[in-house]
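Here is how names work: the chains are called A, B, and so on, in the same order as the sequence lines, proteins then strands, and each is numbered from 1. Everything numeric in this text was worked out from a predicted model, so none of it was measured. Just so it is clear, the values below take in all heavy atoms, side chains as well, and ignore hydrogens, waters and symmetry mates.
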Protein chains: 2
Amino acid sequence: MEHAIREIEKEVGIEDIISTDAEDLHAHGYSEWSSINLDTLPVAVAYPRTTEHVSTIARICHEHRVPIIPYSGGSSLEGNFSAPYGGISVDFAYMNQILEFNKEDMDIVVQPSIGWQDLNEKLAKMESGLFFPIDPGPSAKIGGMIGTNCSGTNAVRYGTMKDWVINLTVVLADGRIIKTRRRPRKSSAGYNLNSLFVGSEGTLGLVTEATVKLAVVPEQYSVAVVTFPTIRNAAAAAAGVMQTGVPIAAMEIMDEVQMKVVNLGGATAPRVWKEAPTLFFKFSGTKEGVREAITRVQKITTANKGGNFEFAQDEREQKLLWSARKESLWSMLSLRKHGQETWSTDVAVPFSRLADIIEVSKKEMDDLGLFASILGHVGDGNFHESIMYNREIPGEREKVETCVKNMVKRALDMEGTCTGEHGIGWGKKESLLWEVGPDTLAVMVALKSSLDPRWVMNPGKIIDVPWLKVQYPGADKAVTPVRRLSE
Amino acid sequence: MEHAIREIEKEVGIEDIISTDAEDLHAHGYSEWSSINLDTLPVAVAYPRTTEHVSTIARICHEHRVPIIPYSGGSSLEGNFSAPYGGISVDFAYMNQILEFNKEDMDIVVQPSIGWQDLNEKLAKMESGLFFPIDPGPSAKIGGMIGTNCSGTNAVRYGTMKDWVINLTVVLADGRIIKTRRRPRKSSAGYNLNSLFVGSEGTLGLVTEATVKLAVVPEQYSVAVVTFPTIRNAAAAAAGVMQTGVPIAAMEIMDEVQMKVVNLGGATAPRVWKEAPTLFFKFSGTKEGVREAITRVQKITTANKGGNFEFAQDEREQKLLWSARKESLWSMLSLRKHGQETWSTDVAVPFSRLADIIEVSKKEMDDLGLFASILGHVGDGNFHESIMYNREIPGEREKVETCVKNMVKRALDMEGTCTGEHGIGWGKKESLLWEVGPDTLAVMVALKSSLDPRWVMNPGKIIDVPWLKVQYPGADKAVTPVRRLSE
């Protein structure tokens with residue numbers, strides 16, 4: 001390990017390319033926002049400046065069988081950047097630039113550590129008329145967004161991360177650099193490597209550059225809020241909107257607890273929201289188009305007992321309102337008292353089942369006396385549960401864990417998925433196995449092994465391989481050769 | 001080989017599961033519409049009725065190292081279903097049913113041999129208000145559409161095949177049956193196997209079931225046609241439409257030759273179209289939305305010297321007009337005289353380069369005295385060239401081949417792709433290598449080898465592996481073990 005670090009320093013020729021500072025290690029192996037934290041930390045943090053640096057790091061780590069863990073925004077929630085086997089965390093902090101902007105083609109080439117909000121601010125400053133529409137947590141960066149195939153509130157209109165990637169530059173496990181494709185918006189040439197690397201959480205390679213599509217900034221936005229007597233009414237209204245194809249820019253559900261959290265957080269003060277199941281709508285398009293969509297949505301919500309169709313009164317309020325939604329996890333975190341933690345997780349189901357799963361999951365948490373809020377991207381059948389617990393009260397964390405597992409099992413019983421946008425990371429490996437079963441997991445193992453036969457790329461994430469034993473430095477595991485599927 | 005056939009018949013227990021009828025073999029190994037035809041044919045055609053039959057066929061073929069080639073609509077253009085090494089063509093003709101319709105969730109589970117037009121007719125008959133928006137050639141079927149990640153005129157609005165697949169049931173090389181995921185519209189759980197199998201042309205597994213998303217049928221359609229003095233003006237207008245984000249349902253470019261072909265074909269008689277570079281627009285949405293989009297598009301086309309903004313006058317004319325576009329390849333084929341053939345191929349470029357590549361490619365063909373038409377999905381930067389030639393005139397086919405290769409090279413020089421929607425098949429393997437280079441191709445080889453180590457799944461398509469020698473029955477090739485990347 002020490003040897004690998006010295007070799008990297010020597011080959012790259014930049015003195016501070018590697019840090020072993022204790023705080024640095026902690027910052028790269030521990031997440032305050034997540035309940036999936038391990039006792040281990042990375043042994044070092046590398047700060048590459050170029051794709052070639054990353055290639056050198058990978059090659060040397062591969063040679064010495066040292067784990068490599070990519071790091072960008074650090075906002076993931078399932079221990080996606082944790083370091084179960086030590087190794088080197090590769091922080092792309094210095095690789096945060098726009099490399100090429102093809103305005104006419106509506107695409108842009110960026111490095112992994114540019115944040116999506118930062119990217120959008122730059123596009124606005126350039127008066128490009130374009131924006132990048134994928135909107136996960138505010139601090140997320142492109143690299144991690146690719147890793148988890150993230151999405152956010154705009155997904156119902158714009159899809160998820162995979163839909164916006166034109167090409168990727170990827171450093172493979174052994175240091176080889178590949179580009180998935182050139183710059184066409186559409187291609188049927190060979191295997192779709194973009195979609196394979198997107199969502200692979202750094203387990204197949206390290207993304208060092210991405211060309212992403214951009215969308216045209218709509219002429220007009222509007223934000224509206226409607227409350228309902230029950231979650232079921234709100235979900236029925238949302239289904240109605242989807243099934244009639246009304247063009248909405250976003251449609252979010254928040255339960256009465258989450259509305260309370262917004263009020264307590266004070267982000268939209270002095271406005272105080274009714275603490276009831278609520279749908280947030282974002283409309284975008286031309287003036288006329290927005291007006292028409294609003295009329296149609298109002299008709300649907302009214303038919304489902306929705307009341308108080310309220311608009312944000314101006315752009316400021318629109319922004320506040322929407323940011324209250326975007327920062328709901330932060331609001332929840334800010335309510336923590338001494339010893340309290342928040343477990344935040346997501347599942348997705350076919351949207352006809354959304355009300356069912358939310359109702360049962362809420363009841364289970366209520367019965368256990370847990371403070372928990374629910375909010376969701378209702379048009380995608382995707383929702384988040386944030387559960388507060390006190391780690392100092394014996395058994396409380398276990399109660400939460402059981403709740404989360406039950407929610408995952410319920411989602412799977414309803415033909416859903418254990419995660420709509422957060423990814424598997426360390427936290428949901430068992431859930432993934434439940435979800436796809438051993439044969440499909442074996443396909444993933446085969447793919448992983450074919451691109452990373454030594455399992456050095458973010459090991460322990462997405463898949464644990466029971467029959468695979470790899471010798472990581474410092475860990476007491478022996479190597480056995482990786483077997484391929486169907487041989 | 002003979003042994004494998006007998007074993008399949010015995011295990012499946014249906015007498016006509018396998019055909020070795022000469023006409024049948026010809027129909028499954030030769031395409032009248034394509035210029036990519038080989039001298040070889042499959043040795044047998046299998047007609048499975050269930051996923052389990054397909055599994056049995058795969059397992060036995062795998063055991064005996066017999067190639068397996070999936071077949072559904074047979075409308076692909078790059079020799080995608082040809083049989084370079086003999087083997088068994090698996091025709092899904094009996095697997096053409098809707099298995100489950102989840103109206104509330106707006107998805108449907110289908111077998112591979114249902115045609116997209118047939119599916120849409122059934123959805124219309126059920127008065128579901130839903131449709132499947134991917135529209136390749138009229139005779140294409142879901143299985144093949146998945147194989148090539150096809151698209152069509154609707155792609156500019158609705159994306160390509162990969163964007164509509166929720167899950168797939170896949171029979172792997174060794175007969176194992178997997179399901180890629182359950183039924184959520186969105187997921188970040190593990191590797192994106194949907195997008196890996198979509199576009200893999202049957203080289204990684206055989207798709208036996210697919211759950212696909214459906215879209216809401218728009219309230220209103222309108223179709224309009226605008227002519228331009230030059231292709232460059234037409235392309236500039238199209239770029240303007242994209243860059244201002246006017247919502248269009250489709251936007252197609254046809255050159256003066258293709259317009260002539262439409263007139264000669266007579267599909268829209270008595271209407272005769274001006275033989276000039278032309279943009280076809282399809283608008284959809286609400287009445288108001290369509291009207292607004294048309295006004296905005298008219299402004300843009302006028303600014304780019306577009307004239308004669310003409311509407312289809314009623315639904316009948318709309319359909320005729322659009323079907324003239326959809327059946328352009330057929331129109332071209334119908335003009336063939338004795339000895340003539342049509343070479344039809346596609347490339348895609350970043351759309352700012354579309355006019356450049358069309359102009360140069362047209363000039364090259366004109367200079368060579370070839371009759372060729374161009375039409376394209378201009379919003380995706382994707383276009384098709386159909387070149388007529390006489391195979392009886394010495395050297396003429398070679399001229400066409402050179403034209404096609406030059407067009408591919410030009411597309412790649414402009415950061416494009418060698419195929420936007422037809423796939424690689426047998427015909428574009430060299431182009432794929434030019435496009436992605438040896439290291440990226442090595443990744444594809446590694447993935448292929450990991451799921452199909454004996455290379456029995458549609459061998460010779462997408463990738464030829466120079467160092468791989470597999471013993472196919474009847475072929476004079478020796479087996480060497482498949483090597484994995486980066487070991």
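- Remark: the backbone N or O of B:Pro247 is not paired with any side-chain donor or acceptor of B:Arg157 at under 3.5 angstrom.
- No salt bridge links A:Asp174 with A:Arg59; every basic N to acidic carboxylate O contact stays at or beyond 4.0 Å.
- In this structure, chain B has a heavy atom under 4.5 Å from the side chain of A:Thr160, while its backbone stays farther away.
- Of the listed residues B:Leu432, B:Val436, B:Leu441, the one with more heavy-atom pairs under 4.5 angstrom with chain A than any other is B:Leu432.
- The shortest non-hydrogen separation linking A:Ala173 to A:Leu451 is CB-O, 3.7 Å.
- Without hydrogens or angle criteria, B:Ser55 side chain to B:Gly175 main chain gives a donor-acceptor distance under 3.5 Å.
- Listed here is the closest heavy atom pair of A:Pro218 and A:Phe131: CD-CE2, 4.0 Å.
- Only the side chain of B:Ala155 comes within contact range of chain A, with heavy atoms under 4.5 Å apart.
- With a threshold of 4.5 angstrom between heavy atoms, A:Ala215 does not approach chain B through any atom at all.
- Across B:Val198, B:Thr203, B:Ile166, the residue that shares the most heavy-atom pairs under 4.5 angstrom with chain A is B:Thr203.
- Comparing B:Arg353, B:Met242, B:His422 by heavy-atom pairs within less than 4.5 Å of chain A, the highest count is held by B:Met242.
- Residue A:Lys429 does not touch chain B at all, counting heavy-atom pairs closer than 4.5 Å.
- For B:Ile177, the part lying near chain A is the backbone, with the side chain staying farther off; criterion is any non-hydrogen pair under 4.5 Å.
- When heavy atoms are compared at a cutoff of 4.5 Å, A:Leu447 approaches chain B by way of both its backbone and its side chain.
- Looking at A:Thr180, the atoms closer than 4.5 Å to chain B (heavy atoms on both sides) all sit in the backbone: N, CA, C or O.
- Looking at B:Glu421, both its backbone and its side chain come within 4.5 Å of chain A, counting heavy atoms on both sides.
- When A:Gly285, A:Ala293, A:Gly199, A:Gly423 are compared by the number of non-hydrogen pairs under 4.5 Å with chain B, A:Gly423 comes out ahead.
- For chain B, the option among A:Thr419, A:Asn149, A:Thr244 with the highest count of heavy-atom pairs below 4.5 Å is A:Thr419.
- Under the 3.5 Å distance criterion, the side-chain polar atoms of B:Trp164 are matched with a main-chain donor or acceptor of B:Tyr158.
- In terms of heavy-atom proximity, A:Leu168 sits nearest to A:Asn194 at N-OD1, 3.8 Å.
- Interface remark: of the candidates B:Leu193, B:Val349, B:Asp163, B:Leu193 forms the most heavy-atom pairs closer than 4.5 Å to chain A.
- A donor-acceptor pair under 3.5 Å is absent between the side-chain atoms of B:Arg185 and the main chain of A:Gly379, judged by distance alone.
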**Stepwise side-chain hydrogen bond (donor to acceptor under 3.5 Å, both in side chains) check, A:Asn167 with A:Thr211** = CA-CA 5 Å; A:Asn167 67 49; A:Thr211 306; 2.8 Å; yes

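- Heavy atoms closer than 4.5 Å to chain B are found in both the backbone and the side chain of A:Ala189.
- Within the 4.5 angstrom heavy-atom criterion, atoms from both the backbone and the side chain of A:Glu288 approach chain B.
- We find that B:Arg182 and A:Glu415 are not joined by a salt bridge, their nearest charged nitrogen and carboxylate oxygen being 4.0 Å or further apart.
- With B:Asp452 contributing its side chain and B:Trp455 its backbone, the two residues share a donor-acceptor pair below 3.5 Å.
- Annotation: the span from A:Ile108 atom CD1 to A:Leu214 atom CG amounts to 5.5 Å, rounded to 0.5 Å.
- The residue among A:Asn382, A:Val347, A:Thr286 with the most heavy atom pairs within less than 4.5 Å of chain B is A:Thr286.
- The most heavy-atom pairs under 4.5 Å with chain B, out of A:Arg181, A:Glu292, A:Glu219, come from A:Glu292.
- Interface residue A:Lys186: backbone and side-chain heavy atoms are both found under 4.5 Å from chain B.
- In this structure, no portion of B:Ala239 lies under 4.5 Å from any heavy atom of chain A.
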**Prompt:** Under the side-chain hydrogen bond (donor to acceptor under 3.5 Å, both in side chains) criterion, do A:Lys428 and A:Thr345 qualify, and how do the steps go?
**Reply:** CA-CA 10 Å; A:Lys428 280 196 171 161; A:Thr345 194; 2.8 Å; yes

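- The residue among A:Lys103, A:Met161, A:Glu201, A:Arg296 with the most heavy atom pairs within less than 4.5 Å of chain B is A:Arg296.
- Residue B:Lys461 does not touch chain A at all, counting heavy-atom pairs closer than 4.5 Å.
- The greatest number of non-hydrogen atom pairs below 4.5 Å with chain A, out of B:Ile462, B:Asp346, B:Leu412, is found for B:Leu412.
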**Request:** Evaluate salt bridge (Lys or Arg N to Asp or Glu O under 4.0 Å) for A:Glu104 paired with A:Arg183, printing each intermediate quantity in order.
**Result:** CA-CA 13 Å; A:Glu104 284 200 329; A:Arg183 208 163 51 78; over 6 Å; no

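- Among B:Ser195, B:Cys150, B:Gly420, B:Gly245, the residue making the largest number of heavy-atom pairs under 4.5 Å with chain A is B:Gly420.
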